Protein chains: 2
Amino acid sequence: MADHDHWQKFFLVETAEGAQTLSFSRTPTVLLTFAANLFTRQSAAALTKQFDIGAMDWRMLVMLTRHPGASVALSAETIGIDKAAVSRSLSRLLDKKLVTCIAQDRDPRRKQWKLTKKGRDLHDDILVVVLSRLRKQLDGFTEADILDLSRLLEKLHKNLQA
Amino acid sequence: MADHDHWQKFFLVETAEGAQTLSFSRTPTVLLTFAANLFTRQSAAALTKQFDIGAMDWRMLVMLTRHPGASVALSAETIGIDKAAVSRSLSRLLDKKLVTCIAQDRDPRRKQWKLTKKGRDLHDDILVVVLSRLRKQLDGFTEADILDLSRLLEKLHKNLQA
DNA sequence: AATCATGAGTTGATATGACAACACGTAAGG
DNA sequence: CCTTACGTGTTGTCATATCAACTCATGATT
């Protein structure tokens with residue numbers, strides 16, 4: 001993006017009163033939070049209603065399926081959520097007997113977390129519903145669209161981490 | 001998307017243990033929440049530190065610049081946030097003398113919210129910083145990339161609203 | 001052996017956003 | 001005129017996510 005003045009003006013809209021502010025339809029980060037809020041709201045509602053589990057706990061089920069034995073710190077880093085929230089989620093999952101925890105090596109600080117059979121079963125049940133919802137959410141997207149969206153979101157994420 | 005079994009398998013990754021779960025790098029909605037969380041975390045940190053204002057209140061400043069005289073209900077619908085949160089944000093902004101409120105018509109329920117001069121000045125100051133951050137966040141994006149990202153996020157948002 | 005630095009994980013407090021219920025007021029219908 | 005339905009906005013409560021501070025234990029340094 002060579003001429004940044006040009007680009008900055010691109011994201012602005014001029015109001016009837018002559019003021020300038022962010023365009024709701026042309027600023028990617030505005031669109032990002034709009035879409036993410038709506039997605040999260042709907043996911044939370046569906047997960048709570050059908051499985052009595054929150055979005056954060058579902059995310060942990062995915063994380064521990066992907067990385068059995070993960071620690072709080074590794075999970076926090078992988079899914080981009082503060083470790084305090086991860087710690088709390090694991091505590092809830094432990095209460096529900098969806099995970100087990102084992103100390104790693106002889107270092108009691110390092111805990112390895114794994115799903116129980118009950119946890120794996122719940123994960124598999126929810127995955128079916130999530131994939132079905134995903135299909136509707138991506139209705140009308142071509143394969144190229146999906147690959148582009150993933151590529152661009154990943155690039156944005158990398159820029160944010162820089 | 002014709003063959004949905006194909007597509008559903010596309011978002012899945014098989015773990016070393018033979019389990020299937022969502023791919024963190026190929027599922028757009030996973031990438032969406034990753035990017036949105038990181039963006040929100042950084043925005044909140046920067047806004048709080050430099051202007052002593054939260055992300056939600058900033059969003060309301062943009063909303064009222066865009067639509068002076070907007071109501072709680074209109075704002076909630078436009079920015080996709082629950083009206084309870086909008087109501088609270090406006091209350092905070094009122095306390096800080098950044099907005100004023102006038103009843104519409106003769107119906108005391110319908111309130112019109114507008115920025116004060118102090119609110120407009122703060123909005124303008126923050127906008128400069130937000131645009132500067134946006135430039136960094138979109139570093140390496142071509143114009144086509146930005147247009148694509150906006151188009152795809154808007155499409156996803158529409159699918160979520162359906 | 002003692003001290004210090006560092007990291008893992010937990011907990012208290014807070015911001016954000018949602019859900020539900022409610023008070024209130026207007027408009028519509030009988 | 002009375003009743004009902006509906007929408008606006010507020011408030012209580014809760015889930016999510018963060019920030020900060022803390023406890024605890026290990027490894028490094030002296």
Side-chain angles (χ1 to χ4, degrees), chain A residues 33-49 51-60 63 69-96 99 101-113, chain B residues 33-49 51-60 63 69-96 99 101-113:
Chain A
T33 61
F34 278 13
N37 281 340
L38 191 46
F39 172 79
T40 298
R41 164 195 281 204
Q42 291 178 355
S43 292
L47 287 169
T48 300
K49 181 177 173 184
F51 300 99
D52 190 32
I53 192 171
M56 175 62 201
D57 292 355
W58 158 242
R59 201 173 291 166
M60 284 310 303
M63 173 64 208
S71 64
V72 168
L74 174 65
S75 299
E77 183 145 353
T78 303
I79 65 182
I81 295 287
D82 193 84
K83 59 187 173 131
V86 171
S87 175
R88 290 185 163 109
S89 176
L90 288 169
S91 190
R92 286 194 296 272
L93 294 173
L94 192 62
D95 286 344
K96 294 180 176 181
V99 297
C101 151
I102 359 158
Q104 182 177 343
D105 307 322
R106 252 175 274 98
D107 192 341
R109 294 172 304 174
R110 299 178 185 282
K111 286 172 181 171
Q112 286 188 301
W113 292 87
Chain B
T33 61
F34 279 12
N37 280 342
L38 191 46
F39 172 77
T40 298
R41 163 193 283 201
Q42 291 179 354
S43 290
L47 288 169
T48 300
K49 182 178 175 184
F51 300 99
D52 190 33
I53 192 171
M56 174 64 200
D57 292 355
W58 158 242
R59 201 173 290 163
M60 283 310 301
M63 173 65 207
S71 63
V72 168
L74 175 65
S75 300
E77 184 145 352
T78 303
I79 64 182
I81 296 288
D82 193 82
K83 56 187 175 130
V86 171
S87 175
R88 290 188 163 106
S89 177
L90 288 168
S91 191
R92 286 195 296 274
L93 295 173
L94 192 62
D95 287 345
K96 293 181 174 180
V99 297
C101 151
I102 356 159
Q104 181 177 345
D105 308 321
R106 248 173 276 99
D107 191 340
R109 293 173 303 174
R110 298 178 187 281
K111 288 173 180 169
Q112 286 187 301
W113 293 86

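Keep in mind the model is a prediction, meaning the values are calculated, not measured. In the text below, chain A, chain B and the rest are named by the order of the sequence lines, each starting its count at 1. No hydrogens, no waters, no symmetry mates; every other heavy atom, side chains included, goes into these values.
For Trp113(A), there are no ring pair (Phe, Tyr, Trp, His ring centres under 6.0 Å) partners two or more places apart in sequence or in a different chain.
At whole-Å resolution of the value, CG in Leu93(B) and C1' in dT16(C) are 14 Å apart. The nearest whole Å value for the distance from the CH2 atom in Trp58(B) to the C1' atom in dT16(C) is 18 Å. Look at CZ on Phe34(A): it is 17 Å from C1' on dA18(C), rounded to the nearest Å. We find that CZ of Arg92(A) is positioned 14 Å from C1' of dT11(C), with the value rounded to whole Å. The distance between atom CD of Gln112(B) and atom C1' of dG9(D), rounded to the nearest whole Å, is 15 Å. One atom, CG of Asp52(B), and another, C1' of dA15(C), lie 12 Å apart when rounded to the nearest Å. One atom, CZ of Phe39(A), and another, P of dA18(C), lie 14 Å apart when rounded to the nearest Å. Rounded to a whole Å, the CZ atom of Arg88(A) is 11 Å from the P atom of dA13(C).
If you find the closest nucleotide of DNA chain D to Trp113(B) and to Ala84(A), the one lying nearer the 5' end belongs to Trp113(B). In this structure, Leu90(A) and Asp57(B) both approach DNA chain C, and ranking their closest nucleotides by distance from the 5' end singles out Leu90(A).
When heavy atoms are screened at a 4.0 angstrom cut-off, Ser91(B) is found touching no nucleic acid atom at all. Note on Ala55(B): only backbone sugar-phosphate atoms sit closer than 4.0 angstrom, heavy atoms only; bases stay farther off.
For dT16(C), neither phosphate oxygen OP1 nor OP2 lies less than 4.0 angstrom from any side-chain nitrogen or oxygen of Arg41(A). In this model, the phosphate group of dA8(C) is not approached by any side-chain N or O of Ser71(A) to a distance below 4.0 Å at OP1 or OP2. An OP1 or OP2 oxygen of dG17(C) is reached within less than 4.0 angstrom by a side-chain nitrogen or oxygen of Arg59(B).
For DNA chain D, the neighbouring residues in residues 73-83 of chain B, judged by any heavy atom under 4.0 Å, are Ala73(B), Lys83(B).
A heavy-atom distance below 4.5 Å is found between the side chains of Met60(A) and Val86(A). Residues Arg92(B) and Ile53(B) form no side-chain contact, since every pair of their non-hydrogen atoms from C-beta on lies 4.5 Å or further apart. The closest side-chain heavy-atom distance from Arg41(B) to Asn37(B) is not below 4.5 Å.
For the side-chain contact (heavy atoms from CB on, under 4.5 Å) criterion with Ser89(B), the lone passing option out of Val72(B), Val99(B), Asp57(B) is Asp57(B).
To the nearest 0.5 Å, atom CD of residue Gln112(B) and atom OG of residue Ser71(B) are 8.5 Å apart. A distance of 5.5 Å separates CE of Met56(A) from CD1 of Ile81(A), quoted to the nearest 0.5 Å.
Nearest nucleotide to the Ala85(A) side chain, out of dG9(D), dT16(D), dA17(D): dA17(D).
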